[in-house]
Amino acid sequence: MPRGNRGKKGKPHTCKKRRQAQHGTQDLRGAQVTATTMEARSSSSSPGPGVDAKGKPGARSGKHLKHPRGALATTTVPAGVSSTRSSKRAIGEIGKTHNSPQAPLSNVRSRKRSLVRPTYLLVQFLLRMYKTKKPISKVHMLKIIDKKYKNLFLSILKRASESMEVVFGIDVKKDNTAKHSYVLVSKMNLPRNGIVHRGRGFPKTSLLMNLLGVIFMKGNCTTEDDIWNFLGKMKIYAGKRHFLFGEPKKLITQDLVELKYLEYRQVPGSSPACYEFLWGPRAHAETSKMRVLEFLARTNHLDPSAFHCRYEEALKDEEERAQAGR
């Protein structure tokens with residue numbers, strides 16, 4: 001049974017009452033910020049929608065997020081999906097999330113032109129190498145993107161690393177056993193390198209991390225309606241195949257449930273019947289509230305403490321885990 005939810009199962013709540021109770025809290029404004037994680041990232045280091053310059057929830061409501069823009073629309077997309085409309089848009093707009101609004105427009109355009117293609121090539125290469133589980137050297141990466149980018153390598157690697165984390169849930173880390181070498185580490189242990197099913201496809205880890213984040217931000221339990229409202233902001237819809245994540249409804253309500261990453265159950269006493277999501281036991285085992293909060297914070301250019309009450313809850317969870325591990 002997922003921790004933190006044991007006392008909830010015996011209390012009947014309708015979906016409507018649960019949403020009304022949840023939407024009144026400040027932390028839900030933080031959840032509204034995270035709803036744009038992959039389809040709406042800030043184009044600078046400034047705070048995202050609904051959060052003021054100090055990282056505190058502001059007065060903005062969800063209506064400001066009706067037209068999200070960002071990560072999935074502007075992050076490098078691997079080969080094999082370029083024939084789709086979505087991926088063409090993604091490839092055509094790579095790099096917008098990294099532009100500085102203070103820089104002269106001509107400089108921004110010049111930098112975009114110089115870094116778009118090498119970033120795209122590097123993400124393609126990293127995805128291929130991720131399947132091999134082998135370390136990747138700087139020399140090898142320079143061969144892929146062209147040695148003429150040697151002086152810009154760190155900037156290109158940073159962009160590619162952000163794309164790998166936000167879109168695929170894969171961290172690019174320095175290899176401590178070799179100089180100028182890197183390793184690729186998934187945030188979760190989804191089967192088949194995160195693809196879940198046999199055959200071709202892309203890692204679903206980042207989508208799972210976002211779902212766990214929404215559940216946590218909503219008080220460790222959220223309705224199915226809220227999940228689809230969140231996914232809708234990322235242009236992910238039930239019954240409509242997504243160019244990265246496939247058919248999302250089956251993935252979320254069946255595959256991730258069978259793998260014990262999510263718990264999907266009918267809300268007790270709801271009429272007509274509606275459903276809710278909680279963390280599954282494997283989610284508790286493979287990640288933590290703090291890691292999920294840190295993921296949401298990084299993708300929204302915030303400090304985890306900006307999420308206030310959830311940050312305190314995550315700290316408490318870390319302490320409990322440390323004590324249990326002694």
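Since we're looking at a predicted model, the values are computed, not measured.
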Hey, does Tyr130 have a side-chain heavy atom less than 4.5 Å from the side chain of Val172?
no
Stepwise side chain to side chain contact (heavy atoms under 4.5 Å, CB included) check, Leu115 with Leu152:
CA-CA 8 Å; Leu115 298 184; Leu152 293 172; 3.9 Å; yes
Do Ile136 and Asp175 come within less than 4.5 Å of each other through their side chains, counting heavy atoms only?
no
Does any part of the side chain of Leu231, heavy atoms only, come nearer than 4.5 Å to the side chain of Met234, both counted from C-beta?
yes
Between Thr223 and Asp225, do the side chains contain an N or O donor and an N or O acceptor separated by less than 3.5 Å?
no
Within this structure, what is the CD-NE2 distance for the pair Glu312 and His308, rounded to the nearest 0.5 Å?
10.5 Å
Pairing residues for Lys138 by the salt bridge (Lys or Arg N to Asp or Glu O under 4.0 Å) criterion, not counting sequence neighbours
none
Would you say the side-chain atoms of Asp303 pair up with the backbone N or O of Ser305, donor to acceptor, closer than 3.5 Å?
yes
Using modelled atom types only, decide if a donor and an acceptor are shared between the side chain of Asp317 and the backbone of Glu313 within a distance under 3.5 Å.
no
Search all heavy atoms of Pro118 against all heavy atoms of Ile145 and return the closest pair with its distance.
O-CG2, 3.3 Å
Taking the side chain as every heavy atom from C-beta outward, state whether Met188 and Pro203 have any atom pair closer than 4.5 Å.
no
Heavy atoms, side chains only, cut-off 4.5 Å: are Asp171 and Met164 in contact?
no
In terms of side-chain geometry, is the basic nitrogen of Arg159 or Glu162 positioned less than 4.0 Å from the acidic oxygen of its partner?
no
For Phe277 and Tyr264, take the angle between the two ring planes, folded into 0 to 90°, and tell me which bin it lands in: parallel under 30, tilted 30 to 60, perpendicular over 60.
tilted
Give the intermediate values and the outcome of side chain to side chain contact (heavy atoms under 4.5 Å, CB included) for residues Phe216 and Leu296.
CA-CA 11 Å; Phe216 175 44; Leu296 298 178; 5.8 Å; no
Does the side chain of Val183 reach to within under 4.5 Å of the side chain of Lys133, using non-hydrogen atoms?
no
Which atom pair, heavy atoms only, marks the closest approach of Glu276 to Cys221?
OE1-SG, 3.2 Å
Looking at Glu286 and Arg291, is any side-chain nitrogen of the basic one under 4.0 Å from a carboxylate oxygen of the acidic one?
no
State, to 0.1 Å, how close Phe153 and Leu142 come at their nearest heavy-atom pair, and which atoms those are.
CD1-CD2, 3.8 Å
If you take all heavy atoms of Asn210 and Ser206, which pair is closest and at what distance?
ND2-O, 2.8 Å
Please round to the nearest 0.5 Å and tell me the distance separating atom CG of Leu212 and atom OG1 of Thr205.
10.5 Å
Distance check, rounded to the nearest 0.5 Å: Lys218 atom NZ versus Phe230 atom CZ?
10.0 Å
Under 3.5 Å donor-acceptor, Glu247 side chain and Gly239 backbone:
yes
Residue pair Met129 / Leu184: nearest heavy atoms and the distance that separates them:
C-CD1, 4.2 Å
Would you indicate whether the side-chain heavy atoms of Asn220 and Lys289 approach each other to under 4.5 Å?
yes
Give the C-alpha distance, both sets of side-chain angles, the deciding distance and a yes or no for side chain to side chain contact (heavy atoms under 4.5 Å, CB included) between Arg282 and Leu259.
CA-CA 8 Å; Arg282 283 189 69 175; Leu259 290 168; 4.1 Å; yes
Within 45° of the axis and under 6.0 Å from the centre of the six-membered ring of Tyr149, does NZ or CZ of Lys147 qualify?
no
Within this structure, what is the OH-CH2 distance for the pair Tyr237 and Trp228, rounded to the nearest 0.5 Å?
11.5 Å
Ignoring hydrogens and angles, tell me if any N or O in the side chain of Ser181 forms a donor-acceptor pair with the backbone of Ala178 under 3.5 Å.
no
Applying the side chain to side chain donor-acceptor pair (under 3.5 Å) criterion to Ser288, which one of Arg321, Glu294, Glu320, Glu318 satisfies it?
Glu318
Atom CE in Met141, atom CG in Leu126: separation rounded to 0.5 Å?
6.5 Å
Same hydrophobic cluster for Phe125 and Leu154, using side-chain heavy-atom links shorter than 4.5 Å among ILVMFWY?
yes
If I take atom NZ from residue Lys204 and atom NE2 from residue His242, how far apart are they, to the nearest 0.5 angstrom?
11.0 Å
Does the Thr299 side chain pair with the main chain of Phe295, one donor and one acceptor, at a distance under 3.5 Å?
yes
When every non-hydrogen atom of Ala297 is compared with those of Pro304, the smallest separation belongs to CB-N, 3.7 Å
Test Asp255 against every option in Lys250, Lys260, Lys249 by the salt bridge (Lys or Arg N to Asp or Glu O under 4.0 Å) rule and name the one that passes.
Lys250
Does the side chain of Leu256 come within less than 4.5 Å of Leu207's, by heavy atoms?
no
